[in-house]
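These notes concern the structure reproduced below.
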Protein chains: 4
Amino acid sequence: MDDSDGSGPGTTRRERRIAARREQILQAAAKVFTEKGFHGATTKDIAEAADVAEGTIYNYFENKDALLLALINSLAMLNQREQIMEAGLQQDMSRFFVEHFLDRLQIVSQDMDALAAILPELLARPELREPYFASVVTPAIAMLERHAQARIAHGEIRPLDVPLAVRAFVGMFLGLWMLVALGDPFVQEAWAKPDQVVEKLFDLIMDGIRAKGEES
Amino acid sequence: MDDSDGSGPGTTRRERRIAARREQILQAAAKVFTEKGFHGATTKDIAEAADVAEGTIYNYFENKDALLLALINSLAMLNQREQIMEAGLQQDMSRFFVEHFLDRLQIVSQDMDALAAILPELLARPELREPYFASVVTPAIAMLERHAQARIAHGEIRPLDVPLAVRAFVGMFLGLWMLVALGDPFVQEAWAKPDQVVEKLFDLIMDGIRAKGEES
Amino acid sequence: MDDSDGSGPGTTRRERRIAARREQILQAAAKVFTEKGFHGATTKDIAEAADVAEGTIYNYFENKDALLLALINSLAMLNQREQIMEAGLQQDMSRFFVEHFLDRLQIVSQDMDALAAILPELLARPELREPYFASVVTPAIAMLERHAQARIAHGEIRPLDVPLAVRAFVGMFLGLWMLVALGDPFVQEAWAKPDQVVEKLFDLIMDGIRAKGEES
Amino acid sequence: MDDSDGSGPGTTRRERRIAARREQILQAAAKVFTEKGFHGATTKDIAEAADVAEGTIYNYFENKDALLLALINSLAMLNQREQIMEAGLQQDMSRFFVEHFLDRLQIVSQDMDALAAILPELLARPELREPYFASVVTPAIAMLERHAQARIAHGEIRPLDVPLAVRAFVGMFLGLWMLVALGDPFVQEAWAKPDQVVEKLFDLIMDGIRAKGEES
DNA sequence: TATGAATGAGCATTCATTCAT
DNA sequence: TATGAATGAATGCTCATTCAT
């Protein structure tokens with residue numbers, strides 16, 4: 001009804017205020033979930049962290065579960081980086097891997113704690129798993145499969161079971177992330193100065209662990 | 001109070017009865033945690049599954065958390081298979097990897113659901129992470145590191161950053177397991193007929209993904 | 001603030017606007033109370049039904065209870081039909097009873113649902129009962145008592161305990177109404193084609209149920 | 001498992017303890033509902049009135065609604081007096097009416113307050129009305145209809161529309177009860193010394209209000 | 001006046017834990 | 001030891017009411 005300032009296309013001041021409040025609450029929820037886990041976090045905690053009354057939460061989210069879902073979806077948005085990866089086909093593999101991966105690491109690191117708060121619920125509750133898997137994991141894997149196929153066609157990667165290899169690759173990073181989440185000090189440190197680590201991992205993935213003299 | 005039979009060294013009938021009861025409750029807890037997750041499981045559920053009164057649980061375990069800890073520890077016992085692995089150094093790598101891995105898969109598959117029930121709590125609660133990490137993850141990684149070092153010394157594996165490589169390896173399996181837990185149908189199917197998959201993974205790990213003509 | 005037109009004696013345009021708004025909200029409240037009961041109705045419901053913001057309600061009514069009281073009072077206004085009844089003394093009893101009763105039935109039927117929504121609160125909350133009883137029930141009964149006295153004086157009704165008889169009479173209709181409210185299908189149907197029913201009831205009231213041959 | 005005392009057929013001590021506790025809570029609920037109405041009564045109130053912890057209520061009743069339903073059902077048991085009424089056919093009408101009615105009044109008076117607490121919910125909530133109507137009202141009316149038919153056959157009551165007459169009769173008492181509940185001082189007093197009132201009502205019902213000289 | 005977002009007291013219900021039997 | 005009824009603190013959520021715009 002009131003969009004008299006030119007602040008944005010299709011967003012009134014009211015809509016922006018509402019979106020901001022929603023975000024404020026969502027961030028608070030992410031913070032508290034991260035600190036105490038989903039079950040350990042009370043709506044009171046979240047309200048306090050958001051500097052809002054408890055009831056206000058319910059003006060923006062149906063219930064506590066809806067907060068979790070919204071958080072999952074916001075993490076899912078990381079996926080919109082897909083384009084970069086398609087574009088990455090131009091680069092040679094080493095450079096692409098290193099650059100893209102470092103880039104990705106930056107992003108994931110920030111959300112790692114939030115993910116660690118969400119993952120438990122994801123594992124424990126099938127009804128949350130399906131939408132998450134469909135909207136986050138499936139597209140990411142599909143994109144990597146296309147990427148790998150292109151590299152194979154281009155002769156950079158040898159022909160192999162692409163779905164499995166991609167999942168092994170994705171799994172490796174998921175697993176390394178999990179080691180961090182579980183508190184492994186080695187990976188935690190490595191995560192801190194990632195350039196060398198990423199290079200070494202690239203090496204492992206490209207050439208495997210076999211000694212030179214040996215034959216497969 | 002009663003050790004009049006010679007039934008075992010250091011275990012009276014009473015002690016065995018107690019141990020059996022404890023195990024009965026623990027198995028029930030594992031079952032219920034698996035089905036409903038730690039938070040979804042009530043002590044009432046567990047008592048019913050164990051065919052025991054609610055109060056009886058507290059004669060064997062301090063509280064609900066203690067059940068979780070005991071379960072974590074019992075999963076940690078998988079580690080006692082370590083000897084096999086040390087012995088495995090005699091075998092050539094391919095055979096060792098395949099055999100050991102298939103073996104392991106059998107065990108892990110059985111406990112996978114229980115782990116999926118426990119992991120969320122592990123991730124959410126730092127005070128549980130530390131003992132778990134120390135008693136399960138650290139020894140497993142250390143053992144693999146020793147194993148890898150031996151293989152390097154033996155010239156089967158090329159010299160590399162062993163701690164990182166081992167963690168990448170462990171992470172890969174953790175990550176693949178997580179994809180199963182998250183519901184990825186491809187890995188779930190692959191998990192079902194593991195022989196081929198294991199072989200392909202071995203291949204990937206040994207030789208990497210690089211096309212033959214290329215040079216590192 | 002603005003009474004510049006001569007629109008009515010003592011009512012400015014503003015006052016009329018205010019009264020209209022009040023009525024609009026009150027009707028909405030009646031509707032929602034009827035549908036969901038007093039406790040089931042939220043101020044949000046009422047605001048939506050009145051096509052008004054929630055806060056606006058509080059510009060016209062102190063609180064939710066005040067809405068109920070206003071509704072009670074508006075039902076009490078049915079009482080202003082009293083004059084008709086006094087006038088009814090001219091008619092012979094049968095005609096008066098039938099005509100007046102049918103008339104009344106029309107009115108009551110419309111408000112029956114609203115009454116069913118209000119009555120529960122009336123029964124449950126003493127502080128509401130008193131004003132209602134004083135403003136609605138007492139005058140109605142008093143008027144009927146005068147009417148009955150007149151009929152006795154006129155020789156149409158035999159001398160009897162007027163207060164009791166009137167209450168038995170009033171009670172009978174209240175009770176029949178309650179049977180409808182409780183869902184009795186027989187009375188509900190009878191309510192639908194009232195002419196015959198009213199005649200039969202008149203008969204019962206006038207002559208009782210005793211068989212002709214019998215003596216009191 | 002333990003019925004070693006001869007205290008009752010098929011009731012163990014445990015069962016009796018449980019039944020007693022249930023009754024204790026139910027009585028407390030009746031009391032609190034009566035005082036504050038269903039919505040005004042909190043589970044905390046009920047627990048305090050029953051001298052029990054809040055949680056204990058839920059060991060005996062599913063939820064607050066179940067308390068209400070149990071109360072409704074316990075009032076429905078008044079109906080088991082039916083036999084008396086069938087037997088009452090032996091007595092002459094006047095005596096039967098007076099005796100039975102006085103008897104009934106004693107009972108109803110005691111439960112009147114509880115009924116006043118329940119009725120509002122009955123009126124407001126259709127899902128409660130149906131079972132109540134089916135289990136309490138329908139049988140009572142059916143029984144009175146049979147009774148009336150028998151009296152007609154016996155020549156004590158003139159032929160009339162039995163269903164309507166019975167409902168008018170039932171309605172009259174319901175209505176009088178409601179006037180009491182609404183606080184009418186006259187009926188309240190009359191209720192206190194019922195002998196005369198009952199006789200006068202009998203008179204009204206039997207002979208109607210028509211003056212002797214008049215003709216229908 | 002009208003609005004509707006913010007508020008927070010209040011409530012039904014759950015469930016781990018205790019303890020008398 | 002085993003039992004399971006009793007406990008009551010803790011929690012998610014509702015909704016009448018307020019008040020800044």
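We name chains A, B, ... by the order of the sequence lines, and we start the count at 1 in each one. Bear in mind that the values here come from a model prediction, so they are computed numbers and not experimental data.
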Exercise for the section: Mind jotting down which residue pairs meet the side-chain hydrogen bond (donor to acceptor under 3.5 Å, both in side chains) criterion with at least one end in residues 118-128 of chain D? Sequence neighbours excluded, please. Expected result: D:His39-D:Glu121, D:Asp65-D:Arg125, D:Glu121-D:Arg125, D:Arg125-D:Glu127
Exercise for the section: Remember a base hit wins even if backbone is also touched, and classify C:Tyr60 as base, sugar-phosphate or nothing at under 4.0 Å, heavy atoms. Expected result: sugar-phosphate
Atom of [X], atom of [Y] and distance for their closest heavy-atom approach:
| X | Y | result |
| --- | --- | --- |
| C:Ile46 | C:Ala28 | O-CB, 3.8 Å |
| C:Leu68 | C:Ile118 | CD1-CG1, 4.0 Å |
| A:Leu26 | A:Ala70 | CD1-CB, 3.7 Å |
| D:Pro120 | C:Leu123 | CG-CB, 4.0 Å |
| D:Ala29 | D:Leu71 | C-CD2, 4.4 Å |

Rounded distance in Å - [atom1] ([X]) to [atom2] ([N]):
| X | N | atom1 | atom2 | answer |
| --- | --- | --- | --- | --- |
| A:Asp65 | F:dC13 | CG | C1' | 13 Å |
| A:Tyr58 | F:dC15 | OH | P | 13 Å |
| A:Leu67 | F:dC13 | CG | C1' | 13 Å |

Problem - Start and end of chain A contact along DNA chain E [non-hydrogen atoms, under 4.0 Å] - result: E:dA5 to E:dG8
Exercise for the section: Would you kindly say whether A:Asp45 and A:Thr42 are connected by a side-chain donor-acceptor distance under 3.5 Å? Expected result: yes
Practice task
Under 4.0 Å from any atom of DNA chain F, heavy atoms only: list the residues of residues 36-47 of chain A that qualify, in numerical order.
Solution key: A:Ala41, A:Thr42, A:Thr43
Practice task
Give me the residues of residues 17-30 of chain D where at least one heavy atom lies under 4.0 Å from an atom of DNA chain F, by number, or none.
Solution key: D:Arg17, D:Arg21
Handout entry: A:Ser135 (side chain) donor-acceptor with A:Pro131 (main chain) under 3.5 angstrom
Key = yes
Handout entry: Side chain C:Gln24, main chain C:Ala50, donor-acceptor under 3.5 Å
Key =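 Yes; at least one donor-acceptor contact below 3.5 Å.
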Exercise for the section: Please confirm whether A:Lys64 makes a cation-pi placement over A:Phe33, using NZ or CZ under 6.0 Å from the six-membered ring centre and within 45° of the ring normal. Expected result: no
Handout entry: Pairing stems for DNA chain F [at least three consecutive pairs; Watson-Crick or G-U; under 3.5 angstrom]
Key =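 The stems are E:2-21 with F:2-21.
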Problem - Whichever of B:Gly55 and A:Ile57 has its nearest DNA chain E nucleotide further upstream toward 5' - result: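 The residue mapped nearer the 5' terminus is A:Ile57.
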Handout entry: A:Leu67 and A:Ile25, any side-chain heavy atoms less than 4.5 Å apart
Key = yes
Practice task
Please figure out whether A:Asn59 or D:Asn59 has its closest DNA chain F nucleotide nearer the 5' end.
Solution key: D:Asn59
Handout entry: Comparing A:Glu54 and D:Ala53 on DNA chain F - which has the more 5′ nearest nucleotide
Key = D:Ala53
Practice task
Please test B:Thr43 against B:Tyr58 for side-chain contact (heavy atoms from CB on, under 4.5 Å), starting from the C-alpha separation and ending with a verdict.
Solution key: CA-CA 10 Å; B:Thr43 50; B:Tyr58 289 84; 3.6 Å; yes
Problem - Partner set under side-chain contact (heavy atoms from CB on, under 4.5 Å) for D:Arg17, not counting sequence neighbours - result: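 Applying side-chain contact (heavy atoms from CB on, under 4.5 Å) to D:Arg17 gives D:Arg14.
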